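Accompanying notes for the structure given below.
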Amino acid sequence: DAFLLLAVFFWSAYTVAFRRAPHELDQWALMLALSGITVPMLAPFYAIEWTIHGGFDLDWLSIGLIVYAGFCSSVLAYLCWSRGVATLGAARAGVAQYLMPVFGALLAHAILGEEIGWYHFVGTALIFSGIALSSRRG
């Protein structure tokens with residue numbers, strides 16, 4: 001929980017600071033710099049996980065998930081987020097964060113075969129209602 005709270009704090013600080021970044025800043029260079037910082041930071045945690053639980057089978061599903069995590073949920077999502085913050089501002093773009101549970105449930109259903117329950121629909125309706133209310137003017 002402490003790591004999660006720390007991550008939320010740093011992500012929020014990054015989002016607010018990004019608004020002040022020069023517009024001519026190359027997004028690919030920034031992403032490469034951030035990756036160059038985070039990969040070494042995550043390496044010890046991966047080594048611990050590997051030591052305790054061992055490796056995994058390298059099949060088509062795991063390769064697809066690695067490609068998805070490495071490109072879609074990292075590179076593509078980061079570029080879309082940066083564009084949204086630059087265009088809309090941090091406060092208005094921030095409501096997109098509330099869609100993460102919706103996409104998480106959909107991907108868990110599609111990839112892991114998790115069941116979709118009534119509470120997913122209720123939660124999704126509440127999320128979209130909250131986004132609609134926060135997006136209204138006046």
Side-chain angles (χ1 to χ4, degrees):
D1 290 343
F3 281 128
L4 184 61
L5 287 174
L6 191 63
V8 167
F9 171 77
F10 281 118
W11 184 254
S12 301
Y14 162 78
T15 300
V16 171
F18 181 77
R19 182 77 169 148
R20 297 186 180 119
H23 293 292
E24 59 274 357
L25 183 66
D26 182 29
Q27 294 301 302
W28 291 100
L30 181 61
M31 188 176 355
L32 182 62
L34 292 173
S35 297
I37 293 168
T38 56
V39 168
M41 288 173 59
L42 292 175
F45 295 104
Y46 179 73
I48 291 168
E49 181 77 18
W50 183 274
T51 303
I52 294 172
H53 298 291
F56 57 90
D57 293 332
L58 197 59
D59 55 12
W60 287 109
L61 178 62
S62 61
I63 291 170
L65 292 173
I66 291 169
V67 169
Y68 172 79
F71 182 74
C72 295
S73 66
S74 297
V75 175
L76 188 61
Y78 171 80
L79 291 174
C80 290
W81 176 256
S82 298
R83 175 71 178 189
V85 170
T87 304
L88 302 172
R92 289 181 60 202
V95 297
Q97 296 282 36
Y98 297 114
L99 293 173
M100 291 174 73
V102 176
F103 286 108
L106 291 173
L107 289 172
H109 175 70
I111 296 170
L112 302 174
E114 295 284 329
E115 295 283 329
I116 298 288
W118 62 268
Y119 47 87
H120 290 106
F121 293 106
V122 171
T124 299
L126 290 171
I127 288 169
F128 278 108
S129 298
I131 289 172
L133 286 173
S134 69
S135 300
R136 291 178 48 177
R137 296 185 190 262

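The structure presented is a predicted model; accordingly, all values stated were derived computationally and were not measured.
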request  = Hydrophobic side-chain clustering at under 4.5 Å (ILVMFWY, transitive links): who's grouped with Phe128? Put none if nobody.
outcome  = Val95, Tyr98, Leu99, Val102, Phe103, Leu106, Ile127, Ile131

key: Parallel, tilted or perpendicular: ring planes of Trp11 versus Trp81, cut at 30 and 60 degrees   = tilted

Nearest-0.5 Å distance, OG of residue Ser134 to CZ of residue Arg92 = 10.0 Å

query = Does one hydrophobic cluster hold both Phe3 and Val8, with members joined at side-chain heavy-atom distances below 4.5 Å?
reply = no

task = Please report the shortest heavy-atom distance between Gly36 and Pro40, naming the atom on each side.
result = O-CD, 3.0 Å

Could you pull out all donor-acceptor pairs under 3.5 Å where a side-chain atom in residues 107-125 meets a protein atom, sequence neighbours excluded?
{"residue": "His109", "atom": "ND1", "partner": "Glu114", "partner atom": "O", "Å": "2.8"}
{"residue": "His120", "atom": "ND1", "partner": "Gly117", "partner atom": "N", "Å": "2.8"}
{"residue": "Thr124", "atom": "OG1", "partner": "His120", "partner atom": "O", "Å": "2.8"}

Pairs involving residues 40-59, ordered by first then second residue, that meet side-chain hydrogen bond (donor to acceptor under 3.5 Å, both in side chains) (sequence neighbours left out) = Asp59-Ser62

ask   = Taking C-beta and beyond as the side chain, do Phe56 and Leu65 meet within less than 4.5 Å on heavy atoms?
value = no

